[in-house]
Amino acid sequence: MAVPSVLTPQSEDFPKWYQDVVAKAEMADNGPVRGTMVIRPYGYAIWERIQSAIDGRIKLAGAQNAYFPLFIPESYLSKEAEHVEGFSPELAVVTHAGGERLAEPIVVRPTSETVIGEFMAKWIQSYRDLPLLLNQWANVVRWELRPRLFLRSSEFLWQEGHTAHASAEDASAYAMRIHLRVYNDFLEKVLAVPTFLGIKPPSERFAGATNTMTCEGMMRDGKALQMATSHELGQNFARAFDIYYQSEEGQAQLCFTTSWGASTRLVGGLIMAHGDDNGLVLPPAVAPWVAVVVAVREDEEILAACRRLHEELTHGGVRAQLDDGRRGSFGRRVTDWEMKGVPVRVEVGPRDLAQGLVTVVRRDTGEKFPVALSEVASLVLRLAEDIQRDMYQAATAFRDARTSDVTSLDEAIVAAQSGFARLTWDLVGEAGEARLKAEAMTVRCLQRSDGSIPANDLEEGLIAIIAKSY
RNA sequence: CGGGAAGUAGCGCAGCUUGGUUAGCGCGCCUGGUUUGGGACCAGGAGGCCGCGGGUUCGAAUCCCGCCUUCCCGACCA
């Protein structure tokens, strides 16, 4: 079709494309205060699906939800030296309240290790209280220098898990369990985003952690995005907040803690991992509507058929939307549904209907099928599964095509202009990291040669994944 | 915070160089009509502290000073 593109093409200006999609798919707007974000209903519906998928997995892993306060005494932050150093530059601090200057400034949480640590210390007495597995859904504030909708906003929504364990082994195993069975499982099965799993090099670790694990996804421009992260905090926070338990032998022992989080950034990752020049492309599992029934024109017979189909789909367990044609021309409405990334479109028009047919269209591939009215519901269910699987495969093929094994830092710098480079960690080192930094690249993660997650960065034969990132 | 660009209707922009009727255009929005199988068309209409503050001037969207905000590229980062 000779219709001019609605969006800036990805190949022309990827950041502009991203902003266009966020605006035109009605996902979010900038808030009035720098870096803040208004999440619009369609964007929030996607977030709600992400939330429920992650929340279910967290509960299966045995953690319970709780809620801790937004305001934290400033003194808490300074109890863990690296932590305060890491977060100080981006804190929002309340100095006045109730019309008076506060005796001790209050920090708006940038993350909750400190308050939660304080309460863990109160709640944990015995080894029988361990492990203590907590999670909270909350907003946090980090005064970022360069905000971008969903990817880096001053205030963002997330889930943060915080756990306390009797041993380093137990803490480590739990962090790994969360990383694989909550985050990576969610990313693969729900967001349909393949990842590289690994640990961050020491320079990229979370402030106060002894080990940080990451799930790195590849965006359509070949850049990396950290989509979820899990930290082993060792005894650093336990020491700072006196999180002790009494062992079976009656001795006071310091706990080992973990923390792990995933945020509204996932929505940005979802957009950039699957979107195309016509807009969003949503995997059925996160799509607010898996199918939209579109009336080609406003006509009683057509509308009646649309309503029946919509009802049938809904009863069949498909989240379906009805487009009755009141909002303008067919072409315009189709363009809008494509922009929103609805996985399956069911087009009902007079020509097809005369033969008892409708046209079913896949958003991911653009394929169109003529389908008998009686078979629409079952086909949509099957297509939803196919699309979910095919999108994961397509994303994996894309990532693999843009990932190269290299044998020197020079080659890595070339390869990481447009994708990921895999290079032996020994060949990077501190000097290498500095050179990468000059090229706006980082070591995204370290993994074993078989792709599994190493226990620490001292293991032999580790591979560094090198890329530009968001 | 450094480098670059830009703030004029919901969005995208012109007008500014050379100050001067009532500040324009496209899209969107409202009303009516014709339409509808890939961004429809006609007619009528609503909508502006021209980013904010100060200055120059008879007169400022336009010139001068200061500030703020947004976007892009870095550093920080989920």
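Bear in mind the structure is a predicted one, so any value in this text is a computation, not a measurement.
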(message) Both A/Q226 and A/V334 contact RNA chain B. Taking the nearest nucleotide for each, which residue is further toward the 5' end?
(response) A/V334

(request) May I have the step-by-step check of salt bridge (charged side-chain N to carboxylate O under 4.0 Å, His left out) for A/E26 and A/K24, ending in yes or no? (result) CA-CA 5 Å; A/E26 301 178 331; A/K24 293 189 177 177; over 6 Å; no

(message) Check this one for me: any side-chain N or O of A/S329 less than 4.0 Å away from OP1 or OP2 of B/U36?
(response) no

(message) Please give the distance between the P atoms of B/C30 and B/G10 as a whole number of Å.
(response) 15 Å

(request) For A/K468, report the nucleic acid contact type (base, sugar-phosphate, nothing); a contact means any heavy atom under 4.0 Å. (result) nothing

(request) Establish whether the base of B/G37 is bridged to the side chain of A/R333 by a donor-acceptor pair shorter than 3.5 Å. (result) no

(message) Whole angstroms only, please: what is the CH2-C1' distance between A/W158 and B/C77?
(response) 11 Å

Please list every donor-acceptor pair under 3.5 Å in which a side-chain atom of residues 220-227 of chain A meets a protein atom from a residue at least two apart or in another chain.
| from | atom 1 | to | atom 2 | distance (Å) |
| --- | --- | --- | --- | --- |
| A/D221 | OD1 | A/K223 | N | 3.1 |
| A/D221 | OD2 | A/Y470 | OH | 2.5 |
| A/Q226 | OE1 | A/K200 | NZ | 3.3 |

Which atoms of nucleotides 68-72 of chain B (N or O only) lie under 3.5 Å from a protein N or O atom, and what are those distances?
| from | atom 1 | to | atom 2 | distance (Å) |
| --- | --- | --- | --- | --- |
| B/U70 | OP2 | A/R34 | NH1 | 3.0 |
| B/C71 | O3' | A/Q19 | OE1 | 2.9 |
| B/C72 | OP1 | A/Q19 | OE1 | 2.9 |

(request) Starting at atom NZ of A/K200, determine the distance to atom C1' of B/A78, rounded to an integer number of angstrom. (result) 10 Å

(request) Dot-bracket for RNA chain B, please, read 5' to 3', with Watson-Crick or G-U wobble pairs under 3.5 Å on both distances, ( ) within the strand, [ ] crossing, | other strand, . unpaired. (result) ((((((((.[[[[.)....(...]]]].((((((.....)))))).....[[[[[..)....]]]]])))))))....

(request) Just call it for A/G261: base, sugar-phosphate, or nothing, with non-hydrogen atoms closer than 4.0 Å on any strand. (result) nothing

(request) Could you tell me the separation between the CG atom of A/D323 and the P atom of B/G38, rounded to a whole number of Å? (result) 14 Å

(message) If you assign A/G331 and A/T264 each to the RNA chain B nucleotide with the nearest heavy atom, which residue ends up on the more 5' nucleotide?
(response) A/G331

(request) Please tell me if the side chains of A/V360 and A/L379 come closer than 4.5 Å, counting only heavy atoms from C-beta onward. (result) yes

(request) For A/G325, answer base if it contacts any base atom (sugar-phosphate contacts may also be present), sugar-phosphate if it contacts only those atoms, and nothing otherwise; contact means non-hydrogen atoms under 4.0 Å. (result) nothing

(request) Go through A/E232 and A/T210 one step at a time and tell me if the side chain to side chain donor-acceptor pair (under 3.5 Å) criterion holds. (result) CA-CA 6 Å; A/E232 293 171 37; A/T210 57; 4.7 Å; no

(message) Please classify the nucleic acid contact of A/T111 as base, sugar-phosphate, or nothing, using heavy-atom distances under 4.0 Å.
(response) nothing

(request) Can you figure out which of B/A75, B/G37, B/U36 approaches the side chain of A/K437 most closely? (result) B/A75

(message) Contact between A/N184 and A/L197 at the side-chain level, heavy atoms closer than 4.5 Å - yes or no?
(response) yes

(request) Figure out the CH2/C1' separation between A/W337 and B/U36, and round it to whole Å. (result) 17 Å

(message) Are B/G37 and A/F330 stacked, with the base six-membered ring and the side-chain ring centres under 5.5 Å apart and planes under 30°?
(response) no

(request) Find the distance A/E204:CD to B/C77:P and express it as a whole number of Å. (result) 7 Å

(request) Identify whether any heavy atom of A/S469 sits under 4.0 Å from a base atom; if not, whether one sits that close to sugar-phosphate; answer base, sugar-phosphate or nothing. (result) nothing

